[in-house]
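For reference, the structure is listed below as structure tokens.
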Amino acid sequence: MKIAVFFPGIGYHCDKPLLYYSSKIADKYQYEVIQITYTGLSRVVEEAFAEALAQTKKRLAGIDWAACDDILFVSKSIGTAVACAYATEHKIQCRNIYYTPLVQTFGFEPQPGLMFHGTDDPWAATRAVQEKCRKIRQPLRLIENGNHSLEVKDDVRHNLCLLKDVMELTEEYISGTLQYRQLCEEEICQELFDGFIRRQDVTDCWRREDGKWIVKLDPFIDDWTDEDYRFLVSCLKNTVHTGGYVYGAFFCGALKGFTSLEPTLFGGELKYLDLSCLHVSRELRGKGVGKVLFCEAADWASSHGARRLYISGHSAVETQAFYRAMGCKEAQEYHQAHVEKEPYDCQLEYLL
């Protein structure tokens with residue numbers, strides 16, 4: 001079941017342009033559309049939020065979220081805070097479209113999605129919203145001179161164009177369409193990863209003990225710091241500069257997955273090429289993005305003289321399950337530099 005819930009603002013109801021047209025798009029893609037209605041909200045933001053959340057809980061009571069294959073929350077203004085708070089409280093993993101979030105919204109752990117903000121929005125300072133988005137690696141679409149309705153003053157034609165642009169991005173997001181392409185050296189920069197979420201919550205890992213592979217409990221959170229991203233950028237730029245391959249998956253213009261192959265064959269007659277990176281942003285894992293990236297990398301390696309891919313793979317059970325499902329096996333020959341750099345990685349190969 002696909003369900004789309006629409007969370008309005010205090011005075012911006014579901015019959016106003018942003019929510020009206022986005023609900024039509026959701027209906028087009030066969031979502032069951034639920035529109036929340038608030039009544040009698042206070043004009044004080046904190047009080048209005050509590051009232052709106054209480055009314056939302058009553059409206060959505062009885063929904064079996066576990067039975068939903070695809071959950072989409074579309075929210076406006078104070079509704080963005082309500083949507084985030086509701087999803088957090090009910091432990092719902094969903095996709096999101098946030099129209100004109102408030103600064104308070106970021107206090108409720110917003111999940112990844114598509115976010116719009118007008119630079120003349122009196123309800124939220126642009127710099128504050130930008131900083132909040134940067135911290136959680138949330139892509140932000142700015143509407144220059146846009147107000148809290150994502151409109152500019154006294155320009156109807158321009159506002160219709162803005163609405164068209166916003167709805168085109170909205171439809172691209174709702175439809176789930178990804179675009180894949182090779183990356184060039186010039187575009188690889190730290191800002192490219194603004195919407196990429198590396199975080200991986202690891203519980204069990206593969207470990208080799210006494211010549212046998214076993215699963216051991218080893219909980220930790222794997223994530224990247226700003227310094228890690230800077231190092232990644234330098235590595236990927238060098239990969240392209242030296243003749244290697246970097247290929248990415250983009251969603252609504254934001255990088256959501258990437259893979260890289262180094263250019264130099266090694267391993268003698270085994271003819272390995274090093275699959276140096278393969279990562280998918282947290283919210284899109286398990287949706288086939290990694291498979292597409294892996295297959296593209298394999299095709300490129302094969303066309304450049306390789307017989308095998310070499311993968312120094314993260315030892316997390318989930319990561320290894322992906323590589324095994326793709327047909328990878330333990331490498332016949334270990335690359336010593338990889339073993340020394342990441343001694344807990346699993347050294348794998350893939351026959352081309």
Side-chain angles (χ1 to χ4, degrees), residues 178-184 188 198 200 202 204-216 218 222 232 235-250 255-282 284-352:
L178 284 95
Q179 297 179 345
Y180 296 87
R181 62 176 176 82
Q182 188 172 350
L183 276 66
C184 63
I188 299 173
R198 167 64 187 101
Q200 183 176 0
V202 179
D204 297 315
C205 294
W206 284 98
R207 294 287 184 261
R208 191 168 190 171
E209 295 185 359
D210 299 324
K212 295 181 179 180
W213 287 102
I214 61 172
V215 174
K216 297 194 69 174
D218 187 13
D222 198 350
L232 172 66
C235 290
L236 293 178
K237 289 176 78 72
N238 182 69
T239 296
V240 176
H241 183 74
T242 56
Y245 180 70
V246 178
Y247 190 78
F250 291 82
L255 183 72
K256 291 297 180 180
F258 62 97
T259 188
S260 61
L261 277 167
E262 303 310 311
T264 306
L265 291 166
F266 65 92
E269 291 301 314
L270 296 177
K271 289 191 174 180
Y272 288 113
L273 272 184
D274 189 2
L275 184 76
S276 47
C277 282
L278 198 161
H279 295 285
V280 176
S281 190
R282 186 181 188 182
L284 288 182
R285 291 173 195 156
K287 301 184 183 298
V289 180
K291 181 177 180 180
V292 173
L293 295 173
F294 186 91
C295 291
E296 287 290 336
D299 287 346
W300 190 90
S302 180
S303 67
H304 286 73
R307 292 182 179 174
R308 290 170 171 82
L309 292 181
Y310 188 93
I311 306 108
S312 180
H314 197 295
S315 61
V317 165
E318 296 81 5
T319 303
Q320 288 302 304
F322 165 77
Y323 284 122
R324 296 291 178 172
M326 295 305 300
C328 299
K329 299 179 180 179
E330 186 171 359
Q332 292 185 40
E333 178 182 318
Y334 277 21
H335 191 296
Q336 197 56 37
H338 278 308
V339 175
E340 293 175 358
K341 182 180 179 182
E342 297 290 350
Y344 289 119
D345 274 7
C346 299
Q347 308 303 313
L348 305 171
E349 69 177 31
Y350 176 76
L351 184 63
L352 297 170

Tell me the closest heavy-atom pair linking [X] and [Y], and the distance in Å.
X	Y	value
Phe250	Arg181	CZ-NH2, 3.5 Å
His314	Asp222	NE2-OD2, 2.8 Å
Ala249	Val289	CB-CG1, 3.8 Å
Leu183	Gly248	CD1-N, 3.3 Å
Ser260	Val246	CB-CG2, 4.0 Å
Tyr350	Cys328	CB-SG, 4.0 Å

Which value, rounded to the nearest 0.5 Å, describes the distance between [X] atom [atom1] and [Y] atom [atom2]?
X	Y	atom1	atom2	answer
Arg282	His279	CZ	NE2	15.5 Å
Ser276	Leu236	OG	CG	7.0 Å
Ser302	Arg308	OG	CZ	12.5 Å
Leu293	Met326	CG	CE	10.0 Å
Gln332	Glu349	CD	CD	4.5 Å
Cys205	Lys216	SG	NZ	10.5 Å

Go through it in stages, so that I can follow the logic: the residues are Lys271 and Leu352, the test is side chain to side chain contact (heavy atoms under 4.5 Å, CB included), and I'd like the CA-CA distance, side-chain angles, deciding distance and then a yes or no. CA-CA 10 Å; Lys271 289 191 174 180; Leu352 297 170; over 6 Å; no

Sequence-distant partners of Glu330, side chain to side chain donor-acceptor pair (under 3.5 Å), two or more places apart: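 Partners of Glu330 under the side chain to side chain donor-acceptor pair (under 3.5 Å) test: Arg208, Trp213, Tyr334.
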
By side chain to side chain donor-acceptor pair (under 3.5 Å) - contacts of His304 (at least two apart):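 Partners of His304 by the side chain to side chain donor-acceptor pair (under 3.5 Å) criterion come out as none, since no residue qualifies.
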
For Thr259 and Cys277, indicate whether the former's side chain and the latter's backbone hold a donor-acceptor pair under 3.5 Å.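 Side chain of Thr259 to backbone of Cys277, a donor-acceptor pair under 3.5 Å: yes, one is there.
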
Any chance the side chains of Glu262 and Thr239 put a donor and an acceptor closer than 3.5 Å?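 Judged by distance alone, the side chains do pair up.
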
Pair Arg285 + Glu318, salt bridge at N-O below 4.0 Å: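 Answer for the salt bridge query: no.
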
Kindly determine whether Lys329 and Arg324 satisfy side chain to side chain contact (heavy atoms under 4.5 Å, CB included), including the steps that lead there. CA-CA 7 Å; Lys329 299 179 180 179; Arg324 296 291 178 172; 4.3 Å; yes

Could you check whether any side-chain heavy atom of [X] comes within less than 4.5 Å of a side-chain heavy atom of [Y], counting everything from C-beta outward?
X	Y	result
Phe294	Leu309	yes
Leu261	Tyr247	no
Val317	Trp206	yes
Tyr344	Asp218	no
Leu273	Tyr245	no

Do other residues, nucleotides or ligands put more than 12 heavy atoms under 6.0 Å from the CD atom of Glu333?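 More than 12 heavy atoms, drawn from other residues, nucleotides or ligands, come within 6.0 Å of this atom.
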
Checking side chain to side chain contact (heavy atoms under 4.5 Å, CB included) for the pair Leu178/Lys287: CA distance, chi angles, key distance, verdict? CA-CA 11 Å; Leu178 284 95; Lys287 301 184 183 298; over 6 Å; no

Checking Phe322 now: which residues fulfil ring-ring contact (aromatic ring centres under 6.0 Å, His included) with it, not counting sequence neighbours?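 Testing Phe322 for ring-ring contact (aromatic ring centres under 6.0 Å, His included), a comparison that skips the adjacent residues, returns none.
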
Answer yes if the ring centres of Tyr272 and His335 are under 6.0 angstrom apart, and no otherwise.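 Tyr272 vs His335: aromatic centres not under 6.0 Å.
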
